[in-house]
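Heads up: the structure comes next, in structure tokens.
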Amino acid sequence: MHIIRQASKFLLIFLFCSNSAWSGMSGGGDTGASDAIEEMEAADVLKLTADSMALRQMQTRKYSTRDDTKVIQAVVGLLQDDGFTIQELEADLGVVLGSKNREAIEAGQVAAAVLVGVVFGVAIPIDKYQLMSASIVISEAPSDSNSTIVRVTFSRLVWNTDNDLSKAERLEEPEMYQLFFSKLSKSLFLTENQL
Amino acid sequence: MTKYINIPFISVIFISFLVASCGAVRDSREALFESDSSAVELRSYQSRVFDTTDKKKVVKTVIATMQDLGFVIGDADLEIGVVSGSKYADEHSAQMTVTVRVRNATQTLVRANVQQHLESVEDPAIYQDFYVALGKAMFLTAHNVD
């Protein structure tokens with residue numbers, strides 16, 4: 001009886017750890033039900049959704065200048081400030097893509113992996129490194145020809161210790177976008193003052 | 001009698017059948033040219049024509065529409081008229097390329113290609129969703145290619 005109780009306790013710990021450590025991992029352990037959901041979402045890949053407009057608002061700011069070159073320079077300067085390298089730049093279309101490789105080790109995942117390792121003697125992969133991207137598009141404001149619209153999207157790809165892609169996601173924390181735009185205001189000012 | 005049954009051999013055969021039945025291909029290099037549809041059919045549901053020759057406006061609107069659909073713009077070129085982007089959503093991430101070219105004195109041709117789940121999307125309804133969104137953003141009707 002005691003053994004059964006112990007075993008079920010370990011099983012619970014294992015389930016908890018594997019959930020937290022493997023959350024977001026693609027491809028693994030698909031059930032019929034999740035396949036159905038996935039297909040539904042797959043069919044909707046090019047549909048505008050209810051949160052499309054909310055997303056647009058979060059990712060967009062208007063600046064009262066019509067000097068696209070100045071805005072692009074400010075964006076590039078800001079990306080450089082944050083350690084991004086420029087992957088793609090098309091001035092005619094106002095498109096800038098920056099990216100950077102960074103570590104992606106998180107304390108929570110390490111703790112869960114260590115626990116599983118100690119209890120069961122198996123190594124589970126944890127997130128190791130990530131490619132973070134910032135995609136910026138600059139365009140004339142549709143309603144106001146004296147202003148420029150800047151829209152940014154942050155995303156990242158994460159690989160685990162097995163070198164498998166464990167996450168591919170758009171970053172949607174509003175604070176990130178607020179911070180970006182406040183930095184861009186500053187960068188525009190610095191660019192204007194030849195810094 | 002039982003000693004003639006070779007368990008590892010039988011397992012190998014069993015696993016081979018199992019793998020084959022899971023839809024594995026004979027040679028994965030064959031995926032290089034893979035389309036199920038004919039090129040004409042493919043182009044017809046992936047393309048639309050708009051009554052404008054303002055290529056820059058079309059490309060800019062394609063970019064804005066892709067962003068609204070949740071794509072991260074990875075690449076764009078006005079001269080060639082190409083925009084590429086990725087949509088990151090873990091289990092249903094997608095990649096998309098849209099080409100834009102002026103077709104004649106009054107029209108511009110737009111073509112979209114999407115891949116998802118390691119396959120090209122060959123469902124015309126999905127492309128229709130894109131052109132509905134793009135048409136709205138351009139204030140123009142998307143015509144089928146005649």
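Chain identifiers are assigned alphabetically (A, B, ...) following the order of the sequence lines, protein sequences preceding nucleic acid strands; residue numbering begins at 1 within each chain.
- In this structure, B:K60 and A:G94 approach most closely via the heavy-atom pair NZ-N, 4.5 Å.
- Within the 3.5 Å criterion, the main-chain N or O of B:G74 finds no donor-acceptor partner in the side chain of A:S135.
- Atom CD of A:Q57 sits in a sparse spot, with 12 or fewer heavy atoms from other residues, nucleotides or ligands closer than 6.0 Å.
- Put simply, CG on B:L134 and CG on A:L46 are 11.0 Å apart, with the number rounded to the nearest 0.5 Å.
- Interface remark: B:M66 contributes no atoms to any contact with chain A (heavy atom separation under 4.5 Å).
- For A:I138, the part sitting under 4.5 Å from any heavy atom of chain B is the backbone (N, CA, C, O) and nothing else.
- Atom CD1 in B:I73 sits 12.5 Å away from atom CD in A:E90 (nearest 0.5 Å).
- Note: A:R151 leads A:Q87, A:E88, A:R151 in heavy-atom pairs under 4.5 Å with chain B.
- B:A94 and A:V45 get closest at one heavy-atom pair: CB-CG2, 3.7 Å.
- With chain B as the partner, the residue from A:V96, A:L97, A:T49, A:D51 showing the most heavy-atom pairs under 4.5 Å is A:L97.
- Contacts of B:V114 with chain A are made by side-chain atoms alone, with heavy-atom separations under 4.5 Å and no backbone atom involved.
- Hydrophobic clustering (ILVMFWY, side-chain heavy atoms < 4.5 Å, transitive): B:I63 and B:L140 are in one cluster.
- There is no contact between A:L89 and chain B, counting heavy-atom distances below 4.5 Å.
- No path of Ile, Leu, Val, Met, Phe, Trp and Tyr side chains, each step under 4.5 Å between heavy atoms, connects B:I80 with A:V95, placing them in separate hydrophobic clusters.
- Using a 4.5 Å cut-off between heavy atoms, B:L78 touches chain A through backbone and side chain atoms alike.
- Chain B forms more heavy-atom pairs under 4.5 Å with one residue of A:I149, A:T153, A:V137 than with any other, namely A:V137.
- Both A:Y63 and A:I72 belong to a common hydrophobic cluster when Ile, Leu, Val, Met, Phe, Trp and Tyr are linked at side-chain heavy-atom distances under 4.5 angstrom.
- Within 6.0 Å of CZ in B:R43 there are 12 or fewer heavy atoms belonging to other residues, nucleotides or ligands.
- In terms of heavy atoms, B:D129 sits closest to A:A43 at OD2-O, 3.9 Å.
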Given B:D68 and A:M53, is the side chain to side chain contact (heavy atoms under 4.5 Å, CB included) satisfied, shown in steps?
CA-CA 7 Å; B:D68 279 346; A:M53 291 307 112; 4.2 Å; yes
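- For B:K56 (side chain) and A:L93 (main-chain N/O), no donor-acceptor pair under 3.5 Å exists by modelled atom type.
- In this structure, the portions of B:A76 lying under 4.5 Å from any heavy atom of chain A include both its backbone and its side chain.
- Clustering ILVMFWY residues whenever any of their side-chain heavy atoms sit less than 4.5 angstrom apart, transitively, puts A:F84 in the very cluster that holds A:V76.
- Within the model, atoms CG of A:L55 and CG of B:L69 stand 10.5 Å from one another, a figure rounded to the nearest 0.5 Å.
- Under the 4.5 Å side-chain heavy-atom criterion for grouping Ile, Leu, Val, Met, Phe, Trp and Tyr, A:M132 is connected to A:M176 within one hydrophobic cluster.
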